[in-house]
Amino acid sequence: MLSGSWFICITLPGLVPNASLAAMSHPTRRFLLASLSTSLMAGRARAAAPKAQPPTPATAGVVLPLSGDLSLIGDECLRGIHLAASALNAAGGIAGHKVALVAADAVDQSHAAAAVNQVITGGHAGVVLGTGASALSYAGSAAAELAQVPYIELNAPAVGITARGFKFLLRTGPTTSMIGALAVSTIQSRFKGRKIGLLFNTGATGGAIAAAAIAALDTAKIPVLLAIGYPEDVTDLYDPVGRFMRAGVDLVLHAGGPSDVLGFYLAMQAQSWRPQTVIGCGNGYTLRETADALGSVFDGTLVISAPYYPAAAAQIAQAYQAKYGIPPRSADSLTAYAGAKLVFDTLNAQGGSADKLLDVLRKVDIPAGGLANGFGVAFDSSGQNTRSFVTLQCWHGAQIAPA
């Protein structure tokens, strides 16, 4: 045997173990042995390789105020998202899997970024849905932008949310500019010549609605007799109501949340005064709970918001009633449903991957009426759905209907 050479010797049936070295080193025999060895190793490699798994859908993170002052709005949005997930699951889910949701509580603005990071890092969310409130959306969408994870805003309307040049942000719902524009066109067409009072919460949503309304009123050359802003934590509106009464205001445009609306109406009752017309903007005016709490004094209040369950959404309203045992509490659940269903359907069309979700959504072209609440879909360069809209509605007997 030559030093430094290796010979493999195996015993096959009929082969004498002490066969001559010359016979064992025949080129054909060496080739046969080498081929056999290679085949055996390849077989073991194939057996050890894991079987290819079907693609699984991206987990959707849901960031909403589920506790605190905005919890009622947050929970209503969450119900809409759950109904959208249930609808898709009934049709086979995303890429054959049930829609996976992981939720985190953005109790206030200081917790919104942490909630987004929680669903991304802890919940492995490939897309984030939120957030029900503009102040939360500013912080939450910024956190998602830093993480380079798609953030789909469903309900928060402040126009500035999509004015920051973010690449990972889209909004499916309407804006405060749409609210302000409809408020002014309503005043022009129905209440020309009225003495207007503007009352607004200076928070992210109320302040943005007021700014949009003031700009639109100024363009239309409609004067505002008295404009009063108040901080977010103010619930006693006795003094602003007194000022409106003394000034002779006969139409109040109010942008406020749930506690603001209660405070406004209680202050009017306390002073035995009410303007001829109240046009309410903001989520405080869309809640059935507000109408139930105030009773008949709320009748006739006009509301500008996303559509509240039109006839085309009757099946969704029925599904809501069946699941939660009560009628829908506000338009927020339907707005959230429409946006979430759009996201889930798009993910399903891509086999569950969120990698190209934003690129695909930006190219979606759905005419008005294509979504369950009457919205269409067409995103502009800022990420805003230009085919979302708001409508004028009116409360009567704790029921809201088109005005």
Side-chain angles (χ1 to χ4, degrees), residues 60 62 64 72-93 99 101 129-130 132 152-157 170-175 178-179 182 280-283 285-292 302-348 361 364-379 385-403:
V62 179
L64 294 164
L72 191 57
I73 298 298
D75 186 60
E76 188 68 1
C77 295
L78 182 61
R79 291 182 177 191
I81 294 169
H82 275 302
L83 288 173
S86 296
L88 199 64
N89 287 339
V99 177
L101 299 176
L129 307 177
I152 313 299
E153 180 52 61
L154 305 176
N155 298 74
L170 296 177
R171 173 165 46 197
T172 57
T175 71
M178 297 176 186
I179 296 171
L182 182 56
C281 310
N283 53 32
Y285 280 95
T286 67
L287 281 168
R288 186 181 297 277
E289 276 74 1
T290 304
D292 289 339
L302 295 174
V303 181
I304 294 176
S305 78
Y308 177 90
Y309 287 86
Q315 288 188 337
I316 304 168
Q318 292 168 4
Y320 186 112
Q321 176 88 42
K323 186 174 180 67
Y324 299 109
I326 58 172
R329 295 175 295 187
S330 84
D332 282 300
S333 52
L334 182 59
T335 306
Y337 174 98
K341 184 70 161 47
L342 172 67
V343 172
F344 296 153
D345 286 343
T346 306
L347 283 171
N348 187 34
L361 282 173
V364 171
D365 185 356
I366 299 176
L371 300 190
N373 60 350
F375 289 177
V377 180
F379 291 101
N385 179 15
T386 60
R387 291 179 185 159
S388 61
F389 56 84
V390 291
T391 61
L392 184 68
Q393 300 162 84
C394 184
W395 283 103
H396 187 79
Q399 301 293 323
I400 189 169

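Positions are given from 1 along the sequence. None of the values given here were measured: they were computed from a predicted structure.
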Nearest non-hydrogen partners of [X] and [Y], listed with the distance:
X	Y	result
R387	V377	NH1-O, 3.3 Å
G130	E153	O-OE2, 2.7 Å
G132	N283	O-ND2, 4.2 Å
L361	F379	O-CD1, 3.3 Å
Q321	P327	OE1-N, 3.3 Å
A403	C394	CB-CB, 4.0 Å

Reported [atom1]-to-[atom2] distance for the pair [X] and [Y], which is rounded to 0.5 angstrom:
X	Y	atom1	atom2	answer
S86	I316	OG	CD1	12.0 Å
I152	L170	CD1	CG	4.5 Å
M178	I304	CE	CD1	13.5 Å
S305	L392	OG	CG	9.5 Å
L72	E289	CG	CD	5.0 Å
L83	L78	CG	CG	9.5 Å

For residues [X] and [Y], determine if any side-chain heavy atom of one lies less than 4.5 Å from a side-chain heavy atom of the other.
X	Y	result
L154	T335	no
F344	N89	no
L101	H82	yes

task = May I have the step-by-step check of side chain to side chain contact (heavy atoms under 4.5 Å, CB included) for R288 and I326, ending in yes or no?
result = CA-CA 11 Å; R288 186 181 297 277; I326 58 172; over 6 Å; no
Can a donor-acceptor pair be found, under 3.5 Å and without considering hydrogens, that links the side chain of [X] to the backbone of [Y]?
X	Y	value
D332	I73	no
T386	A378	yes
N385	T172	yes
S388	G173	yes

key: Pair T391-Y308, side-chain donor/acceptor within less than 3.5 Å   =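 Y308 and T391 do not have a side-chain donor-acceptor pair below 3.5 Å.
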message = For a quick check under 3.5 Å, do Y320 and E76 share a side-chain donor-acceptor pair by atom type?
response =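 Per modelled atom types, Y320 and E76 side chains form a pair under 3.5 Å.
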key: side chain to side chain contact (heavy atoms under 4.5 Å, CB included) between Y337 and N373, worked out   = CA-CA 9 Å; Y337 174 98; N373 60 350; over 6 Å; no
